[in-house]
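Down below is the structure, laid out as structure tokens.
We're numbering straight along the sequence, starting at 1. In this text, all values refer to a predicted model and were calculated from it rather than measured experimentally. Below, each value reflects all heavy atoms present in this structure, side chains not excepted, and no hydrogens, waters or symmetry copies.
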Amino acid sequence: MSNKIEKWLESTLNIISETSSLQSCKAVGIPFVEDRDIVISKEKNQFNFSFLSPLVEHQVINQARTSNLDQFNIITANKSYTIPKGSLITSYRDFFDEKQGFGCVISSQWLHTEGFNIRESYYFRYVVPIGEHTINFRDYALYTYDCYFKGRKGWYSDLIKIFLNEAEYHFWGFKEGNDSYLIVDSLVPCMLEAIDKIALSIFVSHGFLCSSIYLNEAYIIYSKETDFKSPEGVYYKALRDSIKGQYTIFTTNAYSVLVSIGKNKDSIHGESEAIKKIEEEEWVDKLKFLKEETFSKLVNIIHNNDSVLRAAMTIVEASKFAIDTQLAMYCVAFETLSKQIMKIHQIKPPSVIDRDIWKNQIRPLFLNTVENIKKDKQIELSEDQFVLLDKKINSFNNPTNKDTLKLPFEKLGYNLSEEELICIDYRNLSLHGTLPINKGEDEIDKLFYVNLMMHKLCSILILKLVEFEGYIINNVKLHEKNINRTIEEEGFLKI
């Protein structure tokens, strides 16, 4: 049996082209739309169905505007499609024709070939258009594949195999003209709900590493056969907006990082010195491709832990926001990841004092003191104040937040530096509205610095959770000129 990977793309591209360029139809299933001549247009990630409605139906349409419309079908020249329940009347009475009535527009972010069964399992091809963006798979262990489209055969080398819960999926990219696509193929049948979550986990895993999570819309091709030569149809759906972050965490391109650092130096020879450094220290050989099993572990962790998925998205998205908001988002992601890692590895933070000594010898002394206070008639405290005292006593032996947040790193085998420990303290202080600014420091520079450090720490937690070993981009060093600090570290950090 041949191990050659073949991808038949002709029918997939035809379906996408046909669906995205629908122009006119009739509708069945909603009385006030039936028998109307409907013009179809696609705007970003939604379909608009425009038609003229006579004045006699004004009241019916006006009432329908207040709620989601029921499912209905549209019939085009070639095919029938179903518009699932949830579409809305987004425009009414914007224009008027004396003979035919008011203009009306129904908008939907979902559309699928008639006959698709949401409860049935299919082989899915999850296609996300990414426009003219470059497909970035150069940092991964890849497979080659033969691709058949437009009556010809092409050879490509940008496919990643993923094993998720023991099932195999292919994550690959394709470019035709100015249009690029990221694609997830299921090699086992599954239901739509399952492939939605699988594809999201793969896109977020890829985006976490390269700082671009491509979403926006998906053409989900479904088939009874794994080769997709003759698919059954398409399920189109809008997704949340794509996310473009500022800080990439992983690359095998030494020049992109070290030359940038060289250019930032106050020296006309900075770039040439950086190139010499790359060659002499053999950085091209040091930076290894991301292993297939490592990426699969990343997808598995993100797929099976919603908290990690949300944290990964937050890490990428945070850099889009104002600098003070970034820190709050990184802090939330950091604490979320820490708690999830402690749960996965069943880590229990140690008490400040031995539990038995605290319970049997020290805590009773505090409780006796409170009882004596209650009996002292010269001390007047309310019931609420005594409740607060009890809570404070019970919290005396809890570990500090700093000590607790160190534990995931210790468990995952990463030794925190003194500066990283200080930044973990800053995390706690910043959540209470305080960030220490030392003499000579600029507040914005300090915020930028702490943001970069928290981005690094969050990223390390995820990468060490999936047993990554290798080099990551040291964004603190990369941006040292922007934060007005001299960072005595390399542009890449080994973890």
Side-chain angles (χ1 to χ4, degrees), residues 134 136-141 206-212 244-291 294-295 298 312 315-316 318-319 323 326-327 330 334 409 412-424 426 444-464 466 468-495:
T134 302
N136 179 12
F137 282 0
R138 65 175 177 266
D139 300 324
Y140 304 81
H206 172 251
F208 161 71
L209 293 167
C210 72
S211 77
S212 294
K244 176 65 177 174
Q246 293 188 65
Y247 315 130
T248 302
I249 196 65
F250 179 75
T251 185
T252 56
N253 185 348
Y255 292 89
S256 67
V257 174
L258 299 181
V259 171
S260 294
I261 292 171
K263 287 180 177 179
N264 286 336
K265 289 183 177 179
D266 296 325
S267 167
I268 59 173
H269 304 296
E271 183 175 352
S272 59
E273 289 171 357
I275 293 172
K276 184 179 178 182
K277 176 185 176 71
I278 291 168
E279 294 170 350
E280 289 181 349
E281 298 181 12
E282 300 179 336
W283 275 105
V284 172
D285 295 327
K286 287 180 181 179
L287 304 180
K288 305 297 184 184
F289 294 123
L290 190 76
K291 296 177 182 177
T294 303
F295 190 68
L298 179 59
I315 292 166
V316 177
S319 62
I323 197 165
Q326 287 182 36
L327 182 54
Y330 288 131
F334 183 73
F409 292 97
L412 298 174
Y414 179 80
N415 295 320
L416 290 162
S417 68
E418 283 301 316
E419 197 63 26
E420 287 166 343
L421 287 169
I422 291 170
C423 279
I424 290 176
Y426 287 161
I444 298 300
D445 291 343
K446 184 69 170 278
L447 270 171
F448 193 2
Y449 167 69
V450 177
N451 281 339
L452 292 169
M453 290 290 285
M454 291 306 300
H455 174 271
K456 179 178 78 169
L457 290 171
C458 289
S459 300
I460 288 171
L461 283 176
I462 291 180
L463 289 169
K464 296 308 291 182
V466 299
F468 171 87
E469 291 186 358
Y471 288 91
I472 61 171
I473 298 171
N474 187 354
N475 281 292
V476 183
K477 177 66 175 178
L478 184 59
H479 292 277
E480 65 180 334
K481 188 173 183 179
N482 298 325
I483 57 178
N484 290 313
R485 283 175 180 248
T486 300
I487 307 297
E488 301 295 344
E489 296 174 356
E490 295 287 359
F492 289 95
L493 173 70
K494 191 169 186 178
I495 66 170

Inset, instruction - Mind telling me whether Y414 and F409 have parallel, tilted or perpendicular rings, with 30° and 60° as the class edges? - result: tilted

Inset, instruction - Verify the neighbour count for atom CG of N415: are there more than 12 heavy atoms of other residues, nucleotides or ligands below 6.0 Å? - result: no

Legend entry - Any side-chain heavy-atom pair of I315 and Y247 under 4.5 Å: no

Legend entry - Heavy-atom pair with the smallest gap, counting every atom of I487 and E480: N-OE1, 2.9 Å

Inset, instruction - Could you check if a side-chain atom of V257 sits within less than 4.5 angstrom of a side-chain atom of N253, using non-hydrogen atoms only? - result: no

Inset, instruction - Decide yes or no for Y449 and E419: does some side-chain heavy atom of the first lie under 4.5 Å from some side-chain heavy atom of the second? - result: yes

Inset, instruction - Compare all side-chain heavy atoms of L412 with those of I460 and state whether any distance is below 4.5 angstrom. - result: no

Inset, instruction - Look up atom CD in Q246 and atom NE2 in H479, then write down how far apart they are to the nearest 0.5 Å. - result: 7.5 Å

Inset, instruction - Show your reasoning for whether salt bridge (Lys or Arg N to Asp or Glu O under 4.0 Å) applies to E469 and K288. - result: CA-CA 10 Å; E469 291 186 358; K288 305 297 184 184; over 6 Å; no

Legend entry - Taking every non-hydrogen atom, the tightest pair across L478 and S260: CD1-CB, 3.9 Å

Inset, instruction - Report the distance from atom CG of L290 to atom OH of Y140, rounding to the nearest 0.5 Å. - result: 6.5 Å

Inset, instruction - Look at atom NZ of K291 and say whether more than 12 heavy atoms of other residues, nucleotides or ligands are closer to it than 6.0 Å. - result: no

Legend entry - K263, NZ atom: more than 12 neighbouring heavy atoms under 6.0 Å: no

Inset, instruction - With rounding to the nearest 0.5 Å, note down the distance linking CG in L463 to SG in C458. - result: 11.0 Å

Legend entry - Worked check of side-chain contact (heavy atoms from CB on, under 4.5 Å) between I424 and F334: CA-CA 9 Å; I424 290 176; F334 183 73; 4.0 Å; yes

Inset, instruction - Quick one: pull up CG in L452 and OG in S319 and give me the separation to the nearest 0.5 Å. - result: 10.0 Å

Inset, instruction - Looking only at non-hydrogen atoms, find the nearest pair between F468 and K464 and report the distance. - result: O-NZ, 3.0 Å

Legend entry - Side chain proximity check, Y471 to E490, heavy atoms < 4.5 angstrom: no

Inset, instruction - Taking all non-hydrogen atoms of both residues into account, name the closest pair between G491 and L258 and its distance. - result: CA-CD2, 3.9 Å

Inset, instruction - Would you indicate whether the side-chain heavy atoms of F492 and N474 approach each other to under 4.5 Å? - result: no

Inset, instruction - List the atom of L287, the atom of T251, and the distance in Å for their closest heavy-atom pair. - result: CD1-O, 4.1 Å

Legend entry - Spatial distance of atom CG (N475) from atom CD1 (I249) [nearest 0.5 Å]: 5.5 Å

Legend entry - Separation of L416 CG from I422 CD1 (nearest 0.5 Å): 11.5 Å

Legend entry - Shortest non-hydrogen contact from N264 toward K481: O-CD, 3.3 Å

Legend entry - Note, E420 side chain near K456 side chain (heavy atom, < 4.5 Å): yes

Inset, instruction - Report yes if the side chains of L298 and L209 come closer than 4.5 Å at any heavy-atom pair, otherwise no. - result: yes

Inset, instruction - With salt bridge (Lys or Arg N to Asp or Glu O under 4.0 Å) as the test, would you mind laying out the steps for E279 and K276 before giving the verdict? - result: CA-CA 5 Å; E279 294 170 350; K276 184 179 178 182; over 6 Å; no

Legend entry - Proximity of F137 and H206 rings by center, below 6.0 Å: yes

